[in-house]
Amino acid sequence: MSERITRSKTGTSARMPRDPGFVETPGRKKYTRKSIIPTSDGSDDGTPEPMAHITDLNASLSALKGGDLNGNANGNGSANGHSNGAANGSTAIRKRATTNPKENFGPVDLSGKFDFGGSWGVGAMMVGFPTLMYYMWIGAIFYDGKAPTPAANESWSDFFTNLGYLVKTEAYPSNKAWQIYWFFGLVQMAFYMLLPGVYRKGKALPHMNMQQMPYYCSGMWSMYTSIVLSLILHFTGIFKLYTLIDMFGPIMSVAILSGFLCASIAYISAWVRGARIRMTGYPVYDFFMGSELNPRLFGILDFKMFLEVRIPWYILLFLSLGTCLRQYELYGYVSGEAIFLLLAMYLYAGACSKGEHLIITTWDMYYEKLGFMLIFWNMAGVPLSYCHCILYIASHHPEEYHWPTWFIGGLIVAYLCVYYVWDTCNSQKNQFRQEERGITEERTTFPYFKYGRIANPTTIETKHGNKIFADGWYAKARKIHYTCDLFFALSWGLITGFSSPFPWFYPLFFSCMIIHRTIRDDEKCQERYGEAWTEYRRRVPYIFLPYVY
């Protein structure tokens with residue numbers, strides 16, 4: 001893996017030497033090249049954010065929102081104990097807000113809008129989703145992958161009592177589970193700060209006098225170091241990786257409790273340090289949405305970026321790796337289905353790691369606060385609900401879900417082809433954005449594809465002075481990266497067969513989100529870019545599949 005790196009030292013950029021291995025270096029000099037073209041919203045060029053899964057919280061939960069990424073909502077304040085005028089601030093506060101009320105960076109929320117149905121809605125989600133996670137886990141482990149229902153002659157009272165008993169006895173958050181989960185998290189924090197990486201600049205923040213915060217990206221070193229370390233621990237017998245499968249219930253409980261604990265710490269910390277932003281005055285809602293925009297540790301570890309990349313996708317990778325190692329010990333071979341899921345999780349974790357700098361300008365990083373929504377979803381929701389394809393393979397003999405070898409081979413080939421499209425289309429847009437901002441160096445981190453950069457791309461000028469990228473894959477279909485993401489999700493479910501509904505939870509959830517998000521993105525871009533977006537739609541009439549749809 002090689003990479004060209006630009007670092008700023010004394011105001012001039014210097015290129016680091018290329019190396020046949022990892023060439024990212026752990027220096028702490030911050031990248032200071034200034035943006036040439038300022039950006040003004042969550043989509044620099046009008047097309048949707050790349051890597052829907054990296055910005056997973058907004059991507060996944062947006063299907064449940066009444067509004068879009070800019071903060072619109074269908075929840076009426078009065079219907080949930082809110083009043084539309086409750087967020088009104090003083091004249092001074094209003095002056096600190098941006099000209100677009102949807103992009104308010106002042107201490108008081110001026111929009112009068114409430115996502116997810118306001119306090120009642122977010123309160124229901126904070127109770128409902130952990131409950132759903134326990135329900136799916138019980139079905140996967142104790143009901144042979146079937147949806148738990150009362151047995152013959154079993155009352156509903158006895159049924160729910162039995163479910164509670166299973167949670168209490170089989171998912172108790174033991175000391176060992178706490179040690180496993182938090183050792184992993186703390187090690188990843190250390191890797192984030194200490195391993196080699198590169199600096200990139202975020203978007204200009206109005207509440208910081210348009211300063212651009214530097215982000216340290218060391219994901220690739222973190223991922224491969226973690227893989228090597230985990231294999232050493234496994235084969236020396238210090239920690240068998242399939243312990244993650246064996247202790248899934250207790251670890252899930254720890255993750256859920258940790259999500260609530262860390263969200264509480266983040267909420268209280270912002271109050272103590274006076275770092276609150278866009279507060280509505282409704283504690284439940286503010287706790288869910290968050291209080292602070294850019295909390296950091298030691299000035300380098302950005303908690304939002306850390307949580308979105310390191311925790312969910314690395315856990316999924318190690319769950320799949322542990323499943324393969326368990327199968328080899330039990331059967332003397334690894335099933336093709338388990339190998340497929342390991343490849344899929346490796347590619348996704350690798351894409352998140354090498355594309356860590358992609359999320360810096362996304363809406364999550366630029367505008368969303370660090371609250372329960374982002375914290376819980378990344379610490380517990382994504383890794384321990386999206387994983388049911390892995391959990392099904394791990395808890396059943398290969399003969400119970402066996403696909404023909406030719407089918408698995410064909411699916412792998414198709415997956416790799418779709419991955420190429422997905423990787424290069426994300427890279428094309430991100431490289432275009434970086435070059436607009438004055439960063440001309442192209443990262444060539446493994447796996448590197450030359451088509452990931454379009455030289456002198458075709459663009460459409462907008463009334464805001466920025467441009468819509470209309471070249472490469474985005475000249476063929478406007479949402480082609482969504483098509484790739486949907487293929488990934490469906491293939492994760494398909495590889496397990498159709499005996500259990502739980503591996504299909506994520507594909508179904510993601511499919512609903514994609515439909516909603518596509519409509520919302522198009523409306524948002526049409527409103528913001530007007531004639532330029534109309535022209536882009538005329539040039540590229542296809543949404544998901546070129547020449548098909």
Side-chain angles (χ1 to χ4, degrees), residues 1 47-54 56 59 220 223 313 316-317 320-321 324 334-355 358 386 389-390 393 403-432 442-455 457 469-497 503-504 506-507 510-511 513-515 518 540-549:
M1 182 178 66
T47 49
E49 297 291 355
M51 286 192 177
H53 289 76
I54 293 181
D56 220 286
M220 284 303 286
M223 188 185 84
W313 301 108
L316 287 168
L317 172 61
S320 61
L321 181 56
C324 290
V334 180
S335 67
E337 293 83 356
I339 292 174
F340 170 81
L341 287 177
L342 177 60
L343 174 65
M345 300 307 158
Y346 163 75
L347 288 174
Y348 220 107
C352 291
S353 298
K354 79 166 188 172
L358 291 173
Y386 288 10
C389 55
I390 303 170
I393 297 296
W403 284 101
T405 302
W406 64 265
F407 178 84
I408 297 175
L411 189 59
I412 289 176
V413 171
Y415 199 96
L416 292 174
C417 292
V418 174
Y419 175 84
Y420 171 80
V421 176
W422 180 73
D423 186 293
T424 51
C425 75
N426 287 325
S427 178
Q428 285 172 4
K429 184 182 179 187
N430 181 67
Q431 187 63 29
F432 167 74
E442 181 186 10
R443 297 189 73 185
T444 56
T445 312
F446 176 83
Y448 169 72
F449 304 109
K450 187 175 182 180
Y451 193 53
R453 178 181 182 271
I454 303 295
F469 180 75
D471 210 330
W473 292 112
Y474 288 105
K476 297 174 174 61
R478 303 198 300 271
K479 300 290 190 291
I480 193 167
H481 60 299
Y482 284 2
T483 307
C484 299
D485 271 316
L486 182 58
F487 175 85
F488 296 155
L490 292 173
S491 66
W492 295 3
L494 182 62
I495 199 66
T496 68
W504 290 93
Y506 170 56
F510 189 77
S511 298
M513 179 275 296
I514 283 297
I515 295 172
T518 298
V540 187
Y542 302 102
I543 302 175
F544 296 114
L545 290 174
Y547 312 109
V548 177
Y549 180 72

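Keep in mind that this is a model prediction, so the values were computed, not measured. Residue numbers run from 1 in the order of the sequence given.
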Within the distance-only criterion (no hydrogens, no angle test), does the side chain of Thr483 pair as donor or acceptor with the backbone N or O of Phe544 below 3.5 angstrom? yes
Could you pull out the closest heavy-atom pair between Leu317 and Met345, with the gap in Å? CA-CB, 3.9 Å
By ring-ring contact (aromatic ring centres under 6.0 Å, His included) - contacts of Phe487 (at least two apart): none
Can a donor-acceptor pair be found, under 3.5 Å and without considering hydrogens, that links the side chain of Gln428 to the backbone of Trp473? yes
Donor-acceptor check, side chain of Lys354 to backbone of Pro447, threshold 3.5 angstrom: yes or no? yes
From Ile514 atom CD1 to Tyr482 atom OH, the distance as rounded to the nearest 0.5 Å: 5.5 Å
Spell out, as yes or no, whether a donor-acceptor pair under 3.5 Å connects the side chain of Ser427 to the backbone of Asp423. no
Value for SG (Cys324) from CG (Leu341), rounded to nearest 0.5 Å, stands at 8.0 Å
Does the pair Phe340 and Leu411 meet the rule for a side chain to side chain contact (heavy atoms under 4.5 Å, CB included), with working shown? CA-CA 8 Å; Phe340 170 81; Leu411 189 59; 3.8 Å; yes
Ring pair (Phe, Tyr, Trp, His ring centres under 6.0 Å) assessment of Phe488 paired with Trp422: CA-CA 10 Å; Phe488 296 155; Trp422 180 73; 5.3 Å; yes
Do you know the tightest heavy-atom contact between Ile480 and Val421? CD1-CG1, 4.0 Å
Please examine the side chains of Tyr474 and Phe432, heavy atoms only from C-beta on, and report whether any two atoms are closer than 4.5 Å. no
Aromatic rings Trp313 and Tyr386: how do their planes relate, parallel, tilted or perpendicular, breaks at 30° and 60°? tilted
